[in-house]
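So the structure is just underneath, and the comments pick up after that.
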Amino acid sequence: MANALAPSNPVIPERFANPLRQIQGVFAQPAVRRAGPMALMVSLIGASALAWSALSTPPQKMLYSGLPDADKAAVTQALSAASIDSHIDDATDAVTVNEEDYSRARLLLAGQGLPKAAPGGYAILDQLPMGVSRAVEGERLRQARETELARSIQEIDVVTEARVHLAMPESSVFVRDNAQPSASVVVKLQGGRALSEAQVQSIINLVASSVPGMKPEAVTIVDQMGGLLSKPGGMGQSGTEQRIALQRQVEEKYRQQLMQLLTPLVGAGNFTAEVQADVNMDETQATRESYDKEGALRAETGNWTGNQAPGNQAPGGIPGALSNTPPPAAALQQPQAATGANGQPVAPGQPVAGGPAPDANKQSDQFARSYDLGREVSVTRAAPGAVKRLSVAVLLREPEKGKRTAAEINQINELVRSAVGFDQSRNDQVTVISRKFAGEADESDGPAWYDNSWLPVIARNVTAIVIALLVLLLGVRPLAKALMKKKEEAEGPRPALGRPMGGDEDGAEGDARGEIAVAPPVTLDEIDASRNYDERIGKVRGFTRDNPARAALAVRDMMKATAQ
């Protein structure tokens, strides 16, 4: 029956019903209220000290990261000996120093050979234990080669740091499965510096020549910003890139000529020149062949058959008798030169115009003649790079006092035209003007006041001092006043001087405002003129406070009178 009448949901005790009210009750206790201002003052002082330490500490810059414990101890000891504050970040395990001490710390540690990094390069192979596998030995050899290549690349003055990754596949007995090795190079350049095209090609050739079987096309170079420095496809460039490079080369050539010409004349930094060259990028090639119309007889072959002797007499006589008979007397005949149709003589071997004269002794002839013809072959090739049009603009700095005369500007104009090879037929343009450069006043006055190195230090210190003063004035001082006021209230209210015990309405209003009224001195006549007992007691107290010596004499006289 009792269990049946019990409620299913027990009532939560009052002390756990409202946590906020409980907290308010705790803070409402007299002990907590008395200790609250002191705790708040201590917390404000701690906050000001924390702000001071955060703002007065200069910004830190990472010196080294990921150092072994031995190197870390050696670095911190060397910095402490040189009076350089250093800190070790537990989160990143890095050694940091003040930003203004960064350069000095790096030079100091470099002079002492710190940190002593782990052995790299081919020194890794000296630490190989006996009995290692072939795979481990190959990986160590690859690591040593990467380290040595990185050190070689770092010798270039533009490169600060370099890392090399080699991909060297294992050799296979099957030719079709053999892969070519490749390499990736990451370079960190100095601020404001860049690698030229020749330097990039040098790095490519260096890496490709250091690894057997590696081609220059398999080397990729990337800078610290992620920019690809090596051209796609290896060392070769596309036609468009070659044209742009050629145009830049021509413009740079003219620009260097102008700098060498104008620097001795107007001084370095007193002029600026820009050149725009319209370069002919077309490449032409022509071949021409010509032949001589009249050829020269090189060879002649043929045969002919003659007619029989007149009368067609049959041979006769005694065989062998003719050889013993002397020959008949010869008759000298003058040969006649062959003439053409116009009666002009014809050179030997040349056909006679109108046909050769008939020879009575010839019955038929057959000839084959070969003539040499003159041949001339001419090949003309025009390479790109000819300048079709040139535009030059030169801006001169106006002198501080006075202006350049028109004659002086014309002389400089003529010098510029002569330096760049001005050609009117190409519609070349050369413009020379003299103007004031922007920002000359700022440059002459030196750096601005807000660019000085001491300004951030002063700003941090002043900010920390202002925060500390604000905490003291707005936090500590009101708390101190509140504590003093509570202490006075705990000691009890102090009656107003010269005011009756009961007080009047003005006195109550003054107590409510927390003001202390200064009563005028009380005389004996005022005591005698008191209207009631309470007022007389108040007057006596005021007189005793104002005249303690006379009050003591009066008490003494009263005691003597009582004794008598």
Result block: side-chain N/O donor-acceptor pairs under 3.5 angstrom for residues 258-275, not counting sequence neighbours:
residue, atom, partner, partner atom, Å
Thr263, OG1, Met259, O, 2.5
Asn270, OD1, Arg397, NE, 3.1
Asn270, ND2, Val266, O, 2.6

[X]: which residues meet the side chain to side chain donor-acceptor pair (under 3.5 Å) condition with it, sequence neighbours left out?
{"X": "Asp423", "result": "Ser425"}
{"X": "Arg163", "result": "none"}
{"X": "Glu252", "result": "Arg255, Gln256"}

In Å, rounded to the nearest 0.5 Å, how long is the span from [atom1] of [X] to [atom2] of [Y]?
{"X": "Met62", "Y": "Tyr102", "atom1": "CE", "atom2": "OH", "result": "7.5 Å"}
{"X": "Leu390", "Y": "Asn427", "atom1": "CG", "atom2": "CG", "result": "12.0 Å"}
{"X": "Leu79", "Y": "Asp85", "atom1": "CG", "atom2": "CG", "result": "9.5 Å"}
{"X": "Thr96", "Y": "Leu63", "atom1": "OG1", "atom2": "CG", "result": "8.5 Å"}
{"X": "Ile409", "Y": "Leu396", "atom1": "CD1", "atom2": "CG", "result": "7.0 Å"}
{"X": "Asp428", "Y": "Asp278", "atom1": "CG", "atom2": "CG", "result": "10.0 Å"}

Check whether more than 12 heavy atoms from other residues, nucleotides or ligands sit under 6.0 Å from atom [atom1] of [X], and answer yes or no.
{"X": "Arg426", "atom1": "CZ", "result": "yes"}
{"X": "Lys188", "atom1": "NZ", "result": "no"}
{"X": "Gln224", "atom1": "CD", "result": "yes"}

Restricting to side chain to side chain contact (heavy atoms under 4.5 Å, CB included), what partner residues turn up for [X], sequence neighbours left out?
{"X": "Gln411", "result": "none"}
{"X": "Asp89", "result": "Ala91, Thr92"}
{"X": "Val186", "result": "none"}
{"X": "Ile458", "result": "Trp454, Val462"}

Looking at side-chain heavy atoms only, is the closest gap between [X] and [Y] below 4.5 Å?
{"X": "Lys72", "Y": "Asp69", "answer": "yes"}
{"X": "Leu114", "Y": "Asp71", "answer": "no"}
{"X": "Gln247", "Y": "Glu251", "answer": "yes"}
{"X": "Leu109", "Y": "Tyr64", "answer": "yes"}

Check: Ile221 main-chain N/O paired with Ser230 side-chain donor or acceptor under 3.5 Å: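 Present.
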Can you see which heavy atom on Asp157 is nearest to which on Arg193, and at what distance?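 The answer is OD2-NH2, 3.9 Å.
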Run the salt bridge (Lys or Arg N to Asp or Glu O under 4.0 Å) test against Glu146 and tell me which residues pass, sequence neighbours left out.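 Counting only residues at least two positions away or on another chain, Glu146 forms a salt bridge (Lys or Arg N to Asp or Glu O under 4.0 Å) with Arg142.
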Contacts of Glu99 that satisfy salt bridge (Lys or Arg N to Asp or Glu O under 4.0 Å) - sequence neighbours left out: none
Enumerate the salt bridge (Lys or Arg N to Asp or Glu O under 4.0 Å) contacts for residues 405-419, please, sequence neighbours excluded, ordered by first and then second residue. Arg404-Glu408
Using atom types as modelled, flag every donor-acceptor pair under 3.5 Å from a side chain in residues 208-215 to any protein atom, sequence neighbours excluded.
residue, atom, partner, partner atom, Å
Ser209, OG, Asn205, O, 2.7
Ser210, OG, Leu206, O, 2.7

Would you please say whether a donor-acceptor pair under 3.5 Å links the side chains of Gln201 and Glu197?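 Yes, side-chain donor-acceptor contact under 3.5 Å.
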